[in-house]
Structure formats: C-alpha cells, structure tokens
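Just below is one structure, and these are the notes that go with it.
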Protein chains: 2
Amino acid sequence: MEKQLQRSRAVLPIGTVMKLTTLSARQIRYYETQGLIKPARNAGNRRQFSLIDVDRLLEIKDYLDEGFNMTEIKRVYEKQAKRQEKEHKDLEKPVTDEDVRHALHNEFLSIAGLKHWHSSSFPSDDLSKK
Amino acid sequence: MEKQLQRSRAVLPIGTVMKLTTLSARQIRYYETQGLIKPARNAGNRRQFSLIDVDRLLEIKDYLDEGFNMTEIKRVYEKQAKRQEKEHKDLEKPVTDEDVRHALHNEFLSIAGLKHWHSSSFPSDDLSKK
DNA sequence: GCCTCATGTCATAAGATATAACATGAGGCG
DNA sequence: CGCCTCATGTTATATCTTATGACATGAGGC
C-alpha cells in the first residue's frame, strides 16, 4: 500500500531536520514562532517534521539569502495558501451539468463573435517552480 | 544539487524508524545484533538509519511473517551481498584493449567453426531488476 | 519437561530537545 | 552617534528519547 516516506508524514525530529537543512535548532524554532512552519508534536512535546516542512525550510533559507525578511516570506506563503485553498475548493465540487451548460453557452456566444466572457475564475497559475 | 532525502543518507533516529516500520525498538536492535542491519552511529552513539535500512526492515518483517527465522534471513542477505559484490567488481575495472582483443579472437575462432571459447570473464549479467 | 528463539519489560546512564532568558552583530534612522 | 529591531547565538533547567544489559515469557521442537 504505502511505499516510501510520504512527503506529508510528520516523523522527523529536529536533529534530523537540522542535518537536512543545515539550519540551527534556534533558527528552525524561530521560524516556527514566526508562523512559517507548523511542525506536529508527539506525545512528549517533541516537534515532528515532514518532508514538506523540510522543503519549506530550504525555501525559507533561499529567501533569506536573497534578502527577504520574516514578514515578507510569511506573506509569500499566506498568498500561496490562499491560492491553494481556492484551487482546493474548485476541485472539491466537481463540475455540474449546470456548469457545463453555462460553459457551452459562453462558448457559443464567443463563436458568434460576441466574445462575451467576463474575466472569470482562472488564476494565472504561477509555474515558476524554483 | 542534492534534492530529496537520498536513500542512503543515514539521518533517521530509531523512533522515526519505529513509526515507519511499526517495529519495536527491541526488535530493531535485535535484528542489528543478528547482523541483518548495520545502522550508522552519531557522535552520541545514537543509531542513525537510512531509508535503505528502513526498506530492509520492512523486508525482514515480511520474511518473518512468512515463517523465516533470523538465520535464514541472514543467509538471504549474505547471498545478495555476494552477488552485488561481484557485480560491483565487474563494473570496477572497465574493459581493456586486451579484453577486446581476446573477445575478437574468440569471435573469429567461433566464426571459423571452431567454437572454442572457454567460459571466460563475462558474467551473464542478471537483469532481473525486480 | 527442557531448550531455543524472538520479543517484552525494567533499570540506569547519557544524549537530544523544549522553553525561557539574556547576549550580540548588522542595519536603519532621527 | 545613540537607540531600536531583527535574526541568531548561548546558557540553564526540565523532560523526553535512546543505549545497554539483565531478567521474563510464550511458542515450538524434541
């Protein structure tokens, strides 16, 4: 069933993350207080990171190297979160017949040369992946 | 450069491995005493596992479920190690001009109908890569 | 019943991590 | 130049996690 370490599985202690990111424990904890990451906690209150957390930390490192400060980086991720939230909702409710009819309707109008489609719900989807 | 957690990177503490394998610390340590795994150690003598170790532990679990005992499982891995060792050596020293000349020589003889090639150095290269 | 194997459980020591407080160097700025 | 803020380092104390070794135990084999 589950093969490898899924990226979202929170099982890594801070020591491991330190090695994987070359960040100090102080830095990692500070970024958490700034809301940049939210590692899970185990029964003993130890932080448990996922590979997604590790990736984000590496990104944060890059941003910092490029001169961003905590607040700016936080904004980047808040925006990202909003985008994904929308994206998620769009996937949540699958296309209904109603949607299809409206789409077709607009399609016809467009073909008819009336090109009436009011700038609707398609975000320009930032493809800059790194 | 290095993107994700390379499978051979030993950075996982035993607690993480317990979760990933659902094995008890006792079991993991016991398998180590039996020579089935050889996790690295950090400066503080803590075991450091790699994803390869995790995979092997999952395999061991399967073998045990199928009724194998430690000794038998050990034999499986020893044999596997020998195979890989040979494979490795074959890759180590690349083909020399000398080798090529001999190969050609045998080729000619073979064509000449004498088919005299004494089973020399070319392993049949097991391609069963699972 | 006696043995072995794989594992559980306990005790003790030492490494790892959490939190909080104080310290500091680099910039920004009146 | 003093004063502030930001990102991090450092230290101290408490608690969790892991290592080792010893003893315990249930399932099989004989």
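Every chain is numbered from 1, with letters handed out A, B, ... down the list of sequences.
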Report summary line: In whole angstroms, the gap separating C1' of C/dT17 from CZ of A/Arg41 amounts to 10 Å

Report task. Take the protein atom NZ of B/Lys61 and the nucleotide atom C1' of C/dT7, then report the distance between them rounded to whole Å. Result -> 15 Å

Report task. Could you check how far CG of B/Leu23 sits from C1' of C/dT7, rounded to whole Å? Result -> 11 Å

Report task. Starting from the 5' end of DNA chain C, give me the residue, B/Leu64 or A/Arg26, whose nearest nucleotide shows up first. Result -> B/Leu64

Query raised in the report: What base-paired stems does DNA chain D take part in, with at least 3 consecutive Watson-Crick or G-U wobble pairs and both distances under 3.5 Å?
Result: C:1-30 with D:1-30

Query raised in the report: Do side-chain atoms of A/Glu72 reach the backbone of A/Asn69 as a donor and acceptor pair under 3.5 angstrom?
Result: yes

Report task. State whether the side chain of B/Thr16 and the backbone N or O of A/Val11 hold a donor-acceptor pair below 3.5 Å, judged by distance alone. Result -> yes

**Report entry** Closest to the A/Met70 side chain, choosing from D/dT8, C/dT17, D/dG9
**Finding:** D/dT8

Report summary line: NZ (B/Lys61) and CG (B/Leu64) are apart, to the nearest 0.5 Å, by 10.0 Å

Query raised in the report: What is the distance, rounded to the nearest whole Å, between atom CG of A/Asp65 and atom P of D/dA7?
Result: 14 Å

**Report entry** Same cluster (ILVMFWY, side-chain, under 4.5 Å), B/Val76 and B/Leu57
**Finding:** yes

Query - Considering all heavy atoms, the nearest B/Thr21-B/Leu58 contact - result: CA-CD2, 3.9 Å

Query raised in the report: With a 4.0 Å cut-off on heavy atoms, is A/Arg47 in touch with a base, just the backbone sugar-phosphate, or nothing at all?
Result: sugar-phosphate

Query - Between C/dA16 (P) and B/Ile14 (CD1): distance, integer Å - result: 14 Å

Report summary line: Tested for salt bridge (Lys or Arg N to Asp or Glu O under 4.0 Å) against B/Glu32, the lone hit among B/Lys74, B/Lys38, B/Arg41 is B/Arg41

Report task. Round to a whole Å and report the spacing from CE of A/Met18 to P of C/dA18. Result -> 10 Å

Scan nucleotides 12-15 of chain C against the protein and return all N/O pairs shorter than 3.5 Å with their distances rounded to 0.1 Å.
{"from": "C/dA14", "atom 1": "N3", "to": "B/Arg46", "atom 2": "NH2", "distance (Å)": "3.4"}
{"from": "C/dG15", "atom 1": "O4'", "to": "B/Arg46", "atom 2": "NH1", "distance (Å)": "3.0"}

Requested in this report: Give the rounded distance in Å between these two atoms: CD of B/Gln34 and P of C/dA6.
Outcome: 6 Å

Report task. Starting at atom CZ of B/Arg29, determine the distance to atom P of C/dT7, rounded to an integer number of angstrom. Result -> 14 Å

Requested in this report: Could you tell me whether a side-chain N or O of A/Arg26 sits under 3.5 Å from a main-chain N or O of A/Ser24, the two making a donor and an acceptor?
Outcome: no

**Report entry** Pair A/Arg56-A/Tyr77, side-chain contact (heavy atoms from CB on, under 4.5 Å): steps then yes or no
**Finding:** CA-CA 10 Å; A/Arg56 171 160 293 202; A/Tyr77 287 127; 3.1 Å; yes

Report task. Hey, could you give me the CG/CD1 distance between A/Leu23 and A/Ile60, rounded to the nearest 0.5 Å? Result -> 8.0 Å

Report task. Among the candidates C/dT19, C/dT7, D/dA19, find the nucleotide nearest to the side-chain atoms of B/Gln27. Result -> C/dT7

**Report entry** Closest listed nucleotide, where the reference is the side chain of A/Tyr30 and the choices are D/dT20, D/dA7, C/dT7
**Finding:** D/dA7

